[in-house]
Amino acid sequence: MLNVAIGMLGMMRDRGDGPDRWSQWRPTVSLCQHEDLLISRLELLVETGSMDLANRVAADVRSVSPETEVRLHMIEFGDPWDFENVYSVLHGFALDYQFDTDQERYLIHVTTGTHVAQICTYLLTESRHLPGRLIQTAPPKRRSSGQAGRYTIIDLDLSKYDRIAQRFESEQREGSEFLKAGIQTRNVAFNRMIDEIEYVAIHSRAPILLTGPTGAGKSSLARRIFDLRKLRNNVAGRFVEVNCATLRGDGAMSALFGHTRGSFTGAAQDRAGLLKEAHLGILFLDEVGELGLDEQAMLLRAVEEHRFLPLGSDKEVSSDFQLICGTNRDLGADVRSGRFRNDLLSRINLWAFELPGLAQRREDIEPNVHFSLEQVTVATGHRFRFNKEALDMFLRFAECPDTPWTGNFRDLDAAIARMATLAPSGRITEEAVDREIDRLKRSWRDSGTSASVDGTHVLEALLGDRLDDLDEFDRVQLERVVLVCMESRSLSVAGRRLFAASRRKRKAPNDADRLRKYLSRYRLDWSMVKDALPG
Amino acid sequence: MLTVDGSFCEGGGQILRSSLALSIVTGRAFRIENIRAKRRKPGLLRQHLTAVRAAAEIGRCKVEGDEMGSTELVFVPGVAVGGDYTFSIGTAGSTTLVLQTILLPLALAKAPSRIVLEGGTHNPYAPPFDFLERSYLPLVNRMGPKVSVTLERYGFYPAGGGRMVVDVTPAESFGGISIVERGDLVRRCGRAVVSSLDRKIADREVRVMRKRLGWDEGEAEVVEIDRPVGPGNIVTIELGYENVTEVFTGFGEVGRAAEAVASHAVQQCQRYLRSSAPVGEYLTDQLLLPMAIAGSGTFRSTGLSRHSETHVDLIGKFLDVEIETEREDSRAIVISIA
């Protein structure tokens with residue numbers, strides 16, 4: 001690797017006439033005088049009008065370091081104290097320069113130039129427009145003839161510094177912990193996702209899309225993102241949250257974008273609207289898929305240009321907010337069916353995160369049970385505990401693959417809250433757990449986890465005329481099996497659920513195989529069952 | 001392969017340079033380890049790399065680890081080939097040190113060489129050109145080869161920019177010499193050289209030399225350099241005897257009085273004069289290498305520095321020679337090589 005130094009000619013510090021200049025310390029010359037640093041090439045940026053000085057410095061560099069090739073680049077700052085000018089010129093240089101980072105190691109000399117130029121150089125290095133490390137030179141401590149002085153190389157890649165990296169890591173860990181509300185989640189995929197969200201939340205103000213089933217925690221995560229940014233002084237405004245499913249008709253427009261007095265019947269006063277309220281803050285639109293097409297169009301413009309027109313107004317207002325959207329709908333499908341604008345979707349799903357339901361994170365149920373219990377304690381001021389057996393019993397049920405957790409964390413939190421309420425002494429007993437399990441099962445049955453799919457239709461689609469040859473005795477069983485398969489991710493998952501009871505007794509479970517054999521008895525296989533869409 | 005410990009001896013530079021020269025002359029590869037291991041910035045510096053690359057070039061050698069900061073180097077020599085060479089040395093690093101590395105291999109090559117060296121010629125941490133020309137090379141020439149050297153431009157630290165040309169005609173045979181007595185004094189002269197500096201500095205230095213040595217007006221002179229590259233000041237005192245010439249030097253520095261610079265050279269001269277041995281401590285160190293390569297020879301020295309002792313050990317690794325030292329008295333020591 002060759003060392004290539006890039007620096008500015010120092011109008012004052014590199015100056016020097018006659019032989020006396022050799023007893024002065026000149027940063028650019030000194031750069032090439034170090035016994036332990038060989039600069040193979042020096043790219044010297046010279047302001048027009050300083051050519052004489054540049055030529056003298058270049059000649060002196062060649063004298064002290066014949067190994068160094070010196071290239072002079074003419075630049076024109078105009079006013080070298082004007083930030084915009086200087087930045088543009090240096091940015092232009094960085095863009096034009098052919099960096100070859102495989103062969104060359106770049107050292108950006110920041111000792112010369114005006115303070116403004118030094119700031120710009122630093123910024124361009126930090127943003128990797130100048131892909132190198134900073135080099136800072138300093139005169140020798142004792143003034144004696146011609147000593148090269150000292151130099152320090154500063155790498156702005158902070159991960160290269162152990163102590164700083166550790167600090168960042170712990171800060172990031174804190175950030176991630178924060179987003180998880182301190183819940184010690186164990187699901188690897190979930191934790192990785194939270195780390196990503198943490199990074200995005202800190203480093204970007206681009207829209208974030210949170211998808212996932214209802215009750216997966218989209219809304220509380222959005223609020224946590226806001227709180228984290230607030231903690232890091234990254235946001236000045238408020239957190240404004242609205243469920244788009246509650247917005248209908250004219251009310252939707254005015255709630256979001258505001259209105260002027262008299263713009264419609266009942267609009268007695270000006271209203272700022274949620275977007276305006278979220279200025280410099282975060283706007284969380286839950287159920288964004290429920291937004292009407294008109295509102296979508298307005299929202300798109302507001303996201304892209306930070307400007308929109310309140311209802312009944314002919315004057316645009318501006319609001320600079322970060323958008324977080326939540327949805328449990330398949331927005332891609334909604335785009336295909338014309339329910340959702342494609343341009344809006346591509347705008348809001350730059351950072352899309354899918355929050356898994358509780359059923360996909362069963363290892364996280366236990367920490368969430370404890371967390372939820374603490375929340376109840378905080379809310380009521382009373383301390384609640386499970387009996388050991390009661391906790392085991394509840395977890396056995398909660399973590400069982402059979403337990404659907406249709407309402408996800410909402411169901412879990414509600415269950416904990418109910419059990420706590422029914423435990424006047426603060427101890428949650430096995431009996432209370434037993435009753436709660438019944439209640440949950442009933443609620444899932446009533447809301448009809450499986451009832452939404454008509455089993456008879458599915459079997460007709462799968463078996464056609466053969467259905468007539470089936471006894472009702474067999475048909476009921478097959479219907480249930482097929483429905484479970486349709487709800488399951490894989491044959492194994494379906495097998496585990498269907499044969500859960502015998503699975504507990506056996507050492508080497510073969511549920512998948514059993515299920516496959518059962519299906520084949522009806523000349524069915526996994527893919528056929530999965531493809532069988534109801535209706 | 002020979003292994004050389006580069007951690008001992010000041011700077012490790014001379015160990016490295018002598019190893020390079022010995023390796024090419026003997027054809028024996030070596031590995032040098034722990035180069036400047038105990039230093040704040042360990043490993044090879046630019047001046048070392050320059051020497052390594054110059055040696056590799058003239059000796060058609062293979063090198064591994066010749067990188068800045070490298071603490072280990074493997075050197076597999078080829079054969080020294082006479083010819084035209086130019087070496088430019090950075091940071092006003094000494095041209096004489098590079099010459100020290102490549103001179104003897106080229107003096108033993110088949111064809112003559114012309115070497116152009118650019119950089120520092122008068123550097124406080126290296127033998128100055130004058131020492132090379134007056135003291136060292138005449139002795140090398142007595143061993144067989146013909147080496148002549150011309151200073152075309154002075155190169156002082158820090159500006160550098162000096163230039164010297166060395167012509168080397170290899171010897172038919174390279175034989176040891178004997179320097180036991182100085183012989184009669186045939187010439188003595190003191191010089192105060194100023195480059196881009198006030199002549200008054202040199203005047204003061206000349207005054208000190210004359211006064212302290214009791215010399216006549218014509219025996220110490222001021223030299224002002226024409227078309228100087230950079231500032232510099234050196235005082236040299238030369239004592240020319242029938243069998244040997246010694247040169248003592250003092251370097252001017254910012255913040256150091258001219259009188260102190262001249263005194264430094266005078267003190268060395270006076271110490272030499274108190275002994276009867278012909279070869280001073282510094283020349284002793286330089287002479288060990290060619291004498292050992294010649295394989296025989298005797299000389300009387302004013303003393304053996306610790307530097308020289310390490311040098312003797314190193315020579316013993318490459319060459320099958322016996323170097324014996326016998327102390328005569330506190331001011332003379334006889335060194336014989338067989």
Side-chain angles (χ1 to χ4, degrees), chain A residues 1-5 14 16-42 56-70 103-105 107 133 135 137 139-153, chain B residues 11 13 35-36 39-50 53 66-71 86-95 116-120 123-125 153 155-163 194-198 225 227-233 251-256:
Chain A
M1 289 288 257
L2 300 176
N3 288 319
V4 176
D14 282 333
D17 291 313
D20 268 1
R21 69 185 189 275
W22 289 105
S23 48
Q24 291 161 12
W25 177 78
R26 291 176 294 164
T28 299
V29 177
S30 85
L31 193 59
C32 303
Q33 275 181 301
H34 293 281
E35 256 299 313
D36 59 351
L37 177 71
L38 177 57
I39 304 291
S40 297
R41 198 166 70 244
L42 172 66
R56 182 160 57 247
V57 167
D60 286 349
V61 166
R62 286 187 198 106
S63 174
V64 297
S65 185
E67 302 98 319
T68 306
E69 178 196 349
V70 184
Q103 308 288 328
E104 298 177 343
R105 201 161 33 200
L107 296 169
R133 291 171 299 166
I135 186 166
T137 51
K141 282 188 182 131
R142 197 173 56 91
R143 188 185 165 275
S144 71
S145 162
Q147 281 188 17
R150 294 162 289 149
Y151 71 89
T152 321
I153 291 175
Chain B
I35 301 169
R36 292 164 42 83
R39 294 309 193 84
R40 195 170 60 86
K41 286 179 175 172
L44 294 172
L45 299 178
R46 284 171 74 175
Q47 51 156 322
H48 305 130
L49 279 178
T50 311
R53 288 177 183 153
D66 56 333
E67 280 157 41
M68 192 76 71
S70 169
T71 54
T86 300
F87 300 107
S88 293
I89 295 122
T91 64
S94 178
T95 51
V116 177
L117 291 156
E118 291 171 331
N123 185 319
Y125 305 103
R153 237 178 8 243
F156 287 101
Y157 184 79
R163 182 180 161 100
V194 280
S195 169
S196 287
L197 292 175
D198 196 333
I225 289 165
R227 291 185 295 130
V229 178
N233 166 231
F251 275 94
E253 260 179 67
V254 171
R256 193 173 183 208

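To find a chain, count down the sequence lines: A is the first, B the second, and so on, and within it residues start at 1.
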Pair A:Asp14 + A:Arg56: basic N to acidic O under 4.0 Å: no
Contacting moiety of A:Glu67, where chain B heavy atoms sit under 4.5 Å: side chain
Any A:Thr28 side-chain heavy atom under 4.5 Å of A:Leu42 side chain: yes
Which atoms of A:Asp60 approach chain B - backbone, side chain, both or neither, heavy atom under 4.5 Å: neither
Among the listed options B:Glu118, B:Met68, B:Glu67, the residue most often paired with chain A at heavy-atom distances under 4.5 Å: B:Met68
Donor-acceptor pair, side chain of B:Arg227 and main chain of B:Arg153, under 3.5 angstrom: no
Side-chain heavy atoms of B:Val229 within contact of A:Trp22, under 4.5 Å: no
